[in-house]
Enquirer: 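Next up is a structure, given as structure tokens.
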Amino acid sequence: MASVLSLPEPLQRFLSKFPLHTYSPIQVISKCPSQKPTLWIAPPRTTAVDQAFNSDILSTDVECLKWQAYIALRGLTNIAVRWDISPEGGIDGRLPCLHTPVFGDASSELLAPRSIPGWVNGQVGGGNDPLNGYSDEILKDESHAWVSLLEGVVHAALTLSEPPRPALSQLFLTAIAGGRALATTLSPPPAPLTGLSSVLPPYGANITLSSIQGQYAEAITSLSERLGTDHWFLGSENPTALDALAFAYLHCLLYSMDSTRIEVTRRVNLVAWERRVRTQVEAAFTVA
């Protein structure tokens with residue numbers, strides 16, 4: 001039987017060039033399951049060594065920071081954070097992700113951002129408020145406008161204030177902000193990189209910080225005036241998702257380049273509000 005199933009010698013010589021190697025299984029470094037919820041984030045401004053002396057464990061990425069603020073402002077504490085995982089290791093190749101521990105009959109899960117509110121509601125209750133924490137329907141509708149403003153021109157200003165890319169790559173790559181084309185966050189949309197007189201078809205978008213500086217300044221002024229002396233935005237008794245989003249942008253703007261940071265530092269109420277909320281958000285997290 002062995003002679004019947006043997007391969008022809010030419011084929012054996014060919015296959016010998018592609019040997020099959022087997023390796024022993026990789027041992028798990030630690031078999032101890034996670035004891036607390038862990039949020040995977042982009043790195044903070046300080047290193048792991050500095051954490052013993054600096055309480056700043058807030059992510060430098062506005063999307064990750066938004067969810068840090070959301071979790072903390074909902075009243076959760078003792079949440080671990082880790083930043084040793086690249087975005088490719090997260091769900092859909094993006095951060096943040098929330099790794100929940102084993103609890104009772106519930107198994108450990110890795111949650112995408114869209115699943116975090118549901119998990120938080122299960123921890124602190126709630127989630128059934130049709131007004132989402134606002135006093136009435138009018139304020140709830142107004143909150144959508146502020147979210148659009150923050151995720152529009154403010155987000156564009158923050159993105160454009162980051163260190164510039166090399167000129168060649170900036171010419172051929174469309175600026176990407178949070179998985180969306182930066183041009184789609186602006187109204188009216190910016191002009192294309194190639195003009196009508198160009199032999200090339202319209203391509204890309206010609207977006208500069210100076211071109212939206214006026215809109216950005218008006219947005220920060222409006223945000224300051226709407227907050228006034230209130231404890232939370234829109235006069236809410238408790239923090240809402242809008243407060244988490246506003247904090248994330250204000251905190252990142254205060255660490256951006258001068259032209260964008262100055263617009264925030266001129267508004268004393270925004271600076272004081274960001275400092276107060278930052279203390280609450282930082283206290284909710286520990287290093288994993």
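One is the number of the first residue; the rest follow in order along the sequence. All heavy atoms count here, side chains included; hydrogens, waters and symmetry mates do not.
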Enquirer: What verdict does the salt bridge (Lys or Arg N to Asp or Glu O under 4.0 Å) test give for Glu142 and Arg226, after you've listed the backbone C-alpha separation in whole Å, the side-chain angles of each residue and the deciding distance to 0.1 Å?
Expert: CA-CA 11 Å; Glu142 183 184 347; Arg226 190 61 181 90; 2.7 Å; yes
Enquirer: Within this structure, what is the CD-CD distance for the pair Glu218 and Glu263, rounded to the nearest 0.5 Å?
Expert: 10.5 Å
Enquirer: Between Asp92 and Arg94, is there a salt bridge with N-O shorter than 4.0 Å?
Expert: no
Enquirer: Strictly by modelled atom types, are Arg276 and His231 linked by a side-chain donor-acceptor pair under 3.5 Å?
Expert: yes
Enquirer: Are any non-hydrogen side-chain atoms of Thr286 and Lys36 less than 4.5 angstrom apart?
Expert: yes
Enquirer: Assess, by modelled atom type and distance only, whether the side chains of Arg267 and Thr221 contain a donor and an acceptor separated by less than 3.5 Å.
Expert: yes
Enquirer: Is any side-chain heavy atom of Phe233 less than 4.5 Å from a side-chain heavy atom of Pro239?
Expert: no
Enquirer: Closest heavy-atom contact between Tyr134 and Lys140?
Expert: CD1-CA, 3.9 Å
Enquirer: I'd like to know if the side chain of Ser108 reaches the main chain of Pro101, judged simply by a donor and an acceptor atom lying under 3.5 Å from each other, with no hydrogens or angles considered.
Expert: no
Enquirer: Quick one: do Ile262 and Thr265 satisfy side chain to side chain contact (heavy atoms under 4.5 Å, CB included)? Show the steps, please.
Expert: CA-CA 5 Å; Ile262 289 175; Thr265 57; 4.2 Å; yes
Enquirer: Any idea which heavy atoms bring Leu250 and Val264 closest together, and the distance?
Expert: CD2-CG1, 4.0 Å
Enquirer: Is there a side-chain contact between Thr229 and Trp273 (heavy atoms, below 4.5 Å)?
Expert: no
Enquirer: Using 0.5 Å steps for rounding, measure from the OG atom of Ser86 to the CG atom of Leu95.
Expert: 7.5 Å
Enquirer: With clusters defined by side-chain heavy atoms of hydrophobic residues (ILVMFWY) lying less than 4.5 Å apart, directly or transitively, does Leu234 cluster with Ile138?
Expert: no
Enquirer: Are Ile85 and Ile57 connected in a single hydrophobic cluster, I mean Ile/Leu/Val/Met/Phe/Trp/Tyr linked by side-chain heavy atoms less than 4.5 Å apart?
Expert: no
Enquirer: Could you tell me if Arg45 sits above the aromatic ring of Trp83, with its cationic atom closer than 6.0 Å to the ring centre and no more than 45 degrees from the axis?
Expert: no
Enquirer: Show the nearest heavy-atom pair for residues Ala219 and Val153, with the distance to one decimal.
Expert: CB-CG1, 3.9 Å
Enquirer: Cluster question for you: counting only ILVMFWY and a side-chain heavy-atom cut-off of under 4.5 Å, with indirect links fine, are Trp40 and Ile116 together?
Expert: no
Enquirer: So do Pro37 and His99 actually touch side chain to side chain, heavy atoms under 4.5 Å?
Expert: no
Enquirer: Donor-acceptor pair, distance only, cut-off 3.5 Å: does the side chain of Asn269 make one with the backbone of Gly228?
Expert: yes
Enquirer: Does the distance from a Lys or Arg side-chain N to an Asp or Glu carboxylate O, for Glu282 and Arg278, drop under 4.0 Å?
Expert: no
Enquirer: What's the verdict on side chain to side chain contact (heavy atoms under 4.5 Å, CB included) for Leu76 and Trp119, showing C-alpha distance, side-chain angles and the deciding distance?
Expert: CA-CA 11 Å; Leu76 291 176; Trp119 178 83; 3.6 Å; yes
Enquirer: Fit a plane to each ring of Tyr70 and Trp67, take the angle between them on a 0 to 90° scale, and name the class: parallel (under 30°), tilted (30 to 60°) or perpendicular (over 60°).
Expert: perpendicular
Enquirer: Could you check whether any side-chain heavy atom of Lys66 comes within less than 4.5 Å of a side-chain heavy atom of Asp61, counting everything from C-beta outward?
Expert: no
Enquirer: Would you kindly confirm whether Leu20 and Tyr23 end up in one hydrophobic cluster when ILVMFWY residues are joined by side chain heavy atoms under 4.5 Å apart?
Expert: no
Enquirer: Run the side chain to side chain contact (heavy atoms under 4.5 Å, CB included) check on Leu158 and Val154 step by step: do they pass?
Expert: CA-CA 6 Å; Leu158 177 63; Val154 175; 5.6 Å; no
Enquirer: Locate the shortest heavy-atom distance separating Ala72 from Phe285; write the atom from each residue and the value.
Expert: CB-CE1, 4.1 Å
Enquirer: Within this structure, what is the CG-NE2 distance for the pair Leu139 and His144, rounded to the nearest 0.5 Å?
Expert: 11.5 Å
Enquirer: Which value, rounded to the nearest 0.5 Å, describes the distance between Tyr249 atom OH and Leu149 atom CG?
Expert: 10.5 Å
Enquirer: Check whether any side-chain heavy atom of Leu98 lies under 4.5 Å from a side-chain heavy atom of Thr100, and answer yes or no.
Expert: yes
Enquirer: Are any side-chain N or O atoms of Thr240 and backbone N or O atoms of Ser236, one a donor and one an acceptor, separated by less than 3.5 Å?
Expert: no
Enquirer: Identify the heavy atoms of Cys252 and Leu65 that sit nearest to each other, and give their distance.
Expert: SG-CD2, 4.0 Å
Enquirer: For the hydrophobic clusters of this structure (ILVMFWY residues joined by side-chain heavy atoms under 4.5 Å, transitively), does one cluster hold both Val124 and Leu39?
Expert: yes
Enquirer: Are Asn121 and Arg74 close enough, and set up right, to give a side chain to side chain contact (heavy atoms under 4.5 Å, CB included), and what steps lead you there?
Expert: CA-CA 9 Å; Asn121 290 335; Arg74 287 294 303 274; 2.8 Å; yes
Enquirer: Verify the neighbour count for atom CD of Glu237: are there more than 12 heavy atoms of other residues, nucleotides or ligands below 6.0 Å?
Expert: no
Enquirer: Nearest 0.5 angstrom please: Gln213 CD to Ser259 OG, how far?
Expert: 5.5 Å
Enquirer: Answer whether the closest heavy-atom distance between the side chains of Leu150 and Leu223 falls below 4.5 Å.
Expert: yes
Enquirer: Within a strict 4.5 Å, meaning less than it, do heavy atoms of the Leu270 and Leu254 side chains meet?
Expert: no
Enquirer: Show the nearest heavy-atom pair for residues His155 and Glu151, with the distance to one decimal.
Expert: CB-O, 3.5 Å
Enquirer: Atom CD in Glu63, atom CD1 in Ile41: separation rounded to 0.5 Å?
Expert: 13.0 Å
Enquirer: For the pair Ser256 and Thr260, evaluate side chain to side chain donor-acceptor pair (under 3.5 Å) and give the outcome as yes or no after the intermediate values.
Expert: CA-CA 6 Å; Ser256 62; Thr260 52; 2.6 Å; yes
